[in-house]
Amino acid sequence: GVDNTSYFDGLIDDVRIWNTSRTTTEMDDNFETELVGNESGLVAYYKLNDDYTDSASSFDLTSSGSPVFSTDIPFIGAVAVQFHLWFLSLF
C-alpha cells in the first residue's frame with residue numbers, strides 16, 4: 001500500500017554512501033560508530049548532527065518540507081534496527 005506520496009516517519013542517525021563494496025562484517029563493525037569522514041571509499045557521509053553537511057566531501061544536502069533534528073543522541077533506550085540498502089548506481 002505504499003505509493004509515491006508516502007513519507008518516512010522515523011529517525012535516521014546518519015547516511016553513508018560508499019563507492020566500494022562493503023562486507024556485512026565491515027558494516028556491522030562500524031554500525032554504531034561515528035566515522036571521521038576520510039575513510040577509504042567513503043563518497044558522502046551525513047552525520048545529521050543539526051545540519052545537512054557532508055563530512056566526506058562537498059555534497060551538502062538541502063532540506064525539503066519541515067524536517068527536525070532529534071534530541072536523542074544516540075538513540076538511548078531505543079531498539080536499534082539495522083538495515084542495509086544494496087543498489088548499483090552507474091555514474
Side-chain angles (χ1 to χ4, degrees):
V2 177
D3 58 31
N4 63 357
T5 61
S6 299
Y7 297 93
F8 176 74
D9 183 18
L11 300 174
I12 299 174
D13 189 33
D14 66 6
V15 176
R16 304 166 185 194
I17 301 172
W18 302 84
N19 67 1
T20 58
S21 296
R22 309 279 295 161
T23 66
T24 301
T25 302
E26 288 173 320
M27 289 185 281
D28 289 344
D29 287 348
N30 294 307
F31 172 57
E32 296 181 291
T33 302
E34 188 170 286
L35 303 179
V36 175
N38 62 354
E39 288 77 5
S40 178
L42 187 61
V43 176
Y45 178 39
Y46 305 99
K47 295 180 184 181
L48 303 176
N49 293 343
D50 292 327
D51 64 24
Y52 302 101
T53 305
D54 180 3
S55 299
S57 58
S58 60
F59 301 113
D60 294 343
L61 300 174
T62 302
S63 67
S64 176
S66 302
V68 295
F69 292 98
S70 172
T71 57
D72 296 333
I73 304 174
F75 306 110
I76 297 170
V79 176
V81 177
Q82 179 179 4
F83 64 93
H84 306 287
L85 298 175
W86 297 92
F87 64 91
L88 174 64
S89 178
L90 301 175
F91 287 84

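The side chain to side chain donor-acceptor pair (under 3.5 Å) search around D51 returns T53, not counting sequence neighbours. Residues that satisfy the ring pair (Phe, Tyr, Trp, His ring centres under 6.0 Å) test with F59, not counting sequence neighbours, are absent from this structure. The side-chain contact (heavy atoms from CB on, under 4.5 Å) search around T62 returns none, not counting sequence neighbours.
The structure places OG1 of T25 at 11.0 Å from CG of N30, a figure rounded to the nearest 0.5 Å. Going from atom OG1 of T33 over to atom CG of D14 covers 10.0 Å, rounded to the nearest 0.5 Å. Note that CH2 of W18 and CE of M27 are 10.5 Å apart. Values are rounded to the nearest 0.5 Å.
Residues V43 and V15 fall within the same hydrophobic cluster, defined by Ile, Leu, Val, Met, Phe, Trp and Tyr side chains chained together at heavy-atom separations under 4.5 Å. Linking Ile, Leu, Val, Met, Phe, Trp and Tyr residues whenever their side-chain heavy atoms come within less than 4.5 Å places Y52 and I17 in a single cluster.
With hydrogens and angles disregarded, no donor-acceptor distance shorter than 3.5 Å links the side chain of Y46 to the backbone of L61.
Y45 and G37 make their closest contact through CD2-CA, 4.2 Å (heavy atoms, listed as atom of the first residue, atom of the second, distance). The two residues A44 and D54 come nearest to each other via the heavy atoms CA-OD1, 3.4 Å. The minimum heavy-atom distance between S55 and K47, with the atom names listed, is OG-CE, 3.6 Å. Listed here is the closest heavy atom pair of T20 and G41: CG2-CA, 4.0 Å.
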